[in-house]
Amino acid sequence: MATAEHLDRDEQRLAELGYTQRLNRGWSSFQNFAISFTIISVFAGTFTTYGQAWNYGGPIAISIGWPVICGLILLVAFSMSELASKYPTAGGIYYWASDLGGRTWGWFTGWFNFVGLVGIVASVVYGSATFLTTLLGLYKVNVFGMNFGDSKHFLAEAFVIFVVLLAIHAVINIYSSQLVAALNSVSVWWHVIGVIVVIGVLVFAPDSHQSASFVFGHRQNNSGWINGSVGGWFWLFILTQGFLLTMYTQTGYDASAHISEETRGAALGAAQGVWRSVFWSGVFGWFVLLALTFAATDTKAVDAGGGSSIAIIESALSSSAAKFVILLATVGQFFCGMSCVTSASRMCYAFSRDRAVPGHRLWTRLNRHRVPYGAVLFMCVLALIITLPALKGAPGTTVPWAFFAVVLIATIGLYIAYVMPTYLRWRMGDRFVPGPWTLGKKYKWVNPAAVIWVAICVVCFSLPFTPAGWPGHQSGDGKDPFQWEAVNYAPGVLILIALIAIWWKVSAHKWFEGPIREVELPDETGRIPETGAPTAGI
């Protein structure tokens with residue numbers, strides 16, 4: 001094993017956590033913030049899942065729901081920031097749970113995080129592929145046998161673009177961690193300036209706008225449930241499913257923790273990167289959502305387009321203005337996809353470093369750029385596999401049946417992973433010794449509030465989105481409209497974790513020992529203790 005002598009402060013802290021400095025520590029605190037801000041990306045989540053809130057709640061789910069839910073998400077982010085400050089390691093959430101609750105908690109937290117990050121890579125890169133395919137269609141591009149101006153083969157063409165983008169993200173990530181860091185810095189300004197430009201276009205280009213009473217007061221129910229009613233069960237059953245817009249957009253900020261081992265001053269920089277990315281994404285995201293909703297004057301065209309942001313852009317703007325806005329969004333989504341691959345690969349690397357992932361030796365290999373290239377390829381391939389159902393959809397549609405299933409896998413998987421160590425930190429109480437960034441006594445209400453909010457969302461997002469997705473549902477004429485493609489597959493995350501639980505019970509508990517120490521320090525046992533008490537010296 002390595003010793004902890006002659007290490008700077010960051011490497012010394014990493015050594016205390018049990019790891020050798022292998023990754024290149026060249027990221028600044030701003031670049032650490034930038035990767036989470038880029039992954040959240042107001043050009044990604046807000047544009048690709050706008051229709052979810054439009055159909056499940058309408059404008060109020062967007063104008064009022066967004067800031068309220070962002071406030072609740074900040075409770076989760078604050079809780080995670082305190083833990084990121086305490087444990088600045090690439091293992092991030094998995095390591096936190098292992099130290100606070102033992103190897104069993106670490107095992108399940110790690111797998112929820114792993115599954116969620118695969119879903120994030122898949123959904124973000126596929127979402128960017130649909131926008132790029134739409135943009136190529138607006139320009140009537142016809143290349144390599146693909147006529148993008150003809151929407152008959154939209155899903156197949158979008159999937160090809162998806163594969164190409166995944167390959168590009170993999171190459172960028174494999175050959176230069178510093179290039180990724182630099183592009184993340186560019187991405188922040190692209191998002192800030194781009195959002196201002198998009199808002200300006202949506203404010204000044206359309207001939208007319210919706211009223212404030214529509215934007216802040218109109219309710220809508222296009223779900224098919226309760227006969228389209230916007231009263232009664234609407235508030236508990238319909239509107240809550242529209243919250244997916246905000247919850248999905250505000251994911252991936254655990255990236256700041258996963259990049260800790262590559263960040264200078266990580267104990268403070270990573271903690272600030274987590275909560276600041278959520279806060280500023282909430283601010284900029286709200287403004288761009290308001291601009292979109294005020295521009296949605298042709299509600300029939302928007303409804304016909306599935307409530308999508310693209311339907312608003314195309315119905316409210318001229319062809320040239322629409323192309324420009326979609327171009328800005330597509331580039332922002334490209335940056336987002338690149339950062340998602342970075343974050344997912346680092347989590348895979350850290351989890352594999354502790355031998356939790358099958359084939360772990362392959363996923364921990366570093367190239368001469370000190371990048372875990374095996375983990376990069378592995379996460380991209382998994383994202384490709386789970387997105388294969390996106391090749392199918394209703395005839396003539398531009399939205400595959402599988403898209404929201406992947407979105408839900410990402411959202412549920414990640415948020416469960418976020419609050420498991422949050423609960424453990426709350427359970428530890430005042431015995432917890434914080435890092436330089438701390439909640440102080442506020443953890444007593446911030447932590448449980450975060451856990452309760454996520455539990456509510458998991459239940460809401462596991463319910464069927466349409467009557468056709470409810471097995472045995474009977475329509476008024478006695479016919480059964482049930483369709484497998486309309487089923488909400490979000491609970492599949494829980495089924496997958498159940499299989500992982502069986503794996504744990506049958507085999508993994510015999511060999512998985514939690515975080516494995518690479519550095520020998522005085523009075524260290526060499527492993528994270530099962531009791532959950534803080535390791536000596538931390």
Side-chain angles (χ1 to χ4, degrees), residues 31 34-41 43-45 47-48 117-137 139 141 143-146 148 154-191 194 252 255 258-259 262 326-349 363 366-388 390-391 400 403 406 410:
Q31 289 170 328
I35 188 171
S36 286
F37 185 79
T38 298
I39 290 177
I40 293 175
S41 180
F43 277 136
F47 276 74
T48 58
L117 286 171
V118 172
I120 279 289
V121 172
S123 59
V124 168
V125 179
Y126 186 82
S128 67
T130 62
F131 264 69
L132 181 53
T133 303
T134 299
L135 183 65
L136 294 174
Y139 281 101
V141 173
V143 63
F144 300 127
M146 294 186 293
F148 291 95
F154 184 91
L155 294 183
E157 291 162 353
F159 196 85
V160 171
I161 297 296
F162 167 66
V163 174
V164 171
L165 289 176
L166 266 182
I168 293 173
H169 292 318
V171 170
I172 292 175
N173 272 274
I174 287 172
Y175 287 102
S176 181
S177 175
Q178 289 307 302
L179 176 60
V180 173
L183 289 176
N184 277 317
S185 297
V186 173
S187 173
V188 171
W189 298 111
W190 183 274
H191 279 79
H258 295 310
I259 306 301
E262 296 165 79
I326 293 174
L327 173 63
L328 289 176
T330 301
V331 175
Q333 290 168 14
F334 177 85
F335 285 134
C336 179
M338 174 195 67
S339 297
C340 288
V341 172
T342 306
S343 177
S345 64
R346 298 316 188 266
M347 189 278 160
C348 177
Y349 164 79
W363 324 135
L366 304 181
N367 60 15
R368 62 186 180 87
H369 304 286
R370 299 172 72 182
V371 171
Y373 67 95
V376 171
L377 293 173
F378 185 45
M379 298 303 273
C380 287
V381 169
L382 289 179
L384 173 62
I385 291 172
I386 71 167
T387 315
L388 286 173
L391 286 166
F403 178 70
V406 177

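These numbers come from the heavy atoms of this one structure, side chains and all, not from hydrogens, waters or symmetry mates.
Put simply, the side chain of Ile326 does not reach to within 4.5 Å of the side chain of Phe47, judged on heavy atoms. Taking 4.5 Å as the limit, some side-chain heavy atom of Ile39 sits within range of a side-chain heavy atom of Ser343. Between Ile35 and His258 there is no side-chain heavy-atom pair separated by less than 4.5 Å.
Aromatic ring pairs are classed by plane angle as parallel below 30°, tilted from 30° to 60° and perpendicular above 60°; the pair Phe43 and His191 is tilted. Between Phe378 and Trp363, the angle of the ring planes stays under 30°, which puts this pair in the parallel group of the 30/60° scheme.
Ser345 places a side-chain N or O within 3.5 Å of a backbone atom of Val341 that can act as its donor or acceptor partner. At least one donor-acceptor pair under 3.5 Å links the side chain of Thr134 to the backbone N or O of Thr130. Of the possible donor and acceptor atoms, none in the side chain of Asn367 sits under 3.5 Å from a partner among the backbone N and O of Tyr175.
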- Message: One pair to check against side chain to side chain contact (heavy atoms under 4.5 Å, CB included): Leu155 and Leu391. What are the steps and the verdict?
- Response: CA-CA 6 Å; Leu155 294 183; Leu391 286 166; 5.9 Å; no

- Item | Ile161 and Phe148: CA distance, side-chain angles, deciding distance, side chain to side chain contact (heavy atoms under 4.5 Å, CB included) verdict | CA-CA 11 Å; Ile161 297 296; Phe148 291 95; 4.0 Å; yes

- Message: Quick one, Asn184 with Phe335, criterion side chain to side chain contact (heavy atoms under 4.5 Å, CB included). Give me CA distance, side-chain angles, the key distance, then yes/no.
- Response: CA-CA 7 Å; Asn184 277 317; Phe335 285 134; 5.9 Å; no

- Phe131 and Thr48: CA distance, side-chain angles, deciding distance, side chain to side chain contact (heavy atoms under 4.5 Å, CB included) verdict: CA-CA 8 Å; Phe131 264 69; Thr48 58; 3.9 Å; yes

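Between Ser128 and Thr330 the shortest heavy-atom distance is O-CG2, 4.3 Å. Nearest heavy atoms, Gly337 versus Val125: CA-CG2, 4.0 Å.
None of Val180, Leu179, Ile172, Ile174 except one satisfies the side-chain contact (heavy atoms from CB on, under 4.5 Å) rule with Ser176; the exception is Leu179.
Between Arg346 and Glu262 there is a salt bridge, since a side-chain N of the basic residue sits under 4.0 Å from a carboxylate O of the acidic one.
A ring-centre distance under 6.0 Å is found for His169 and Phe334.
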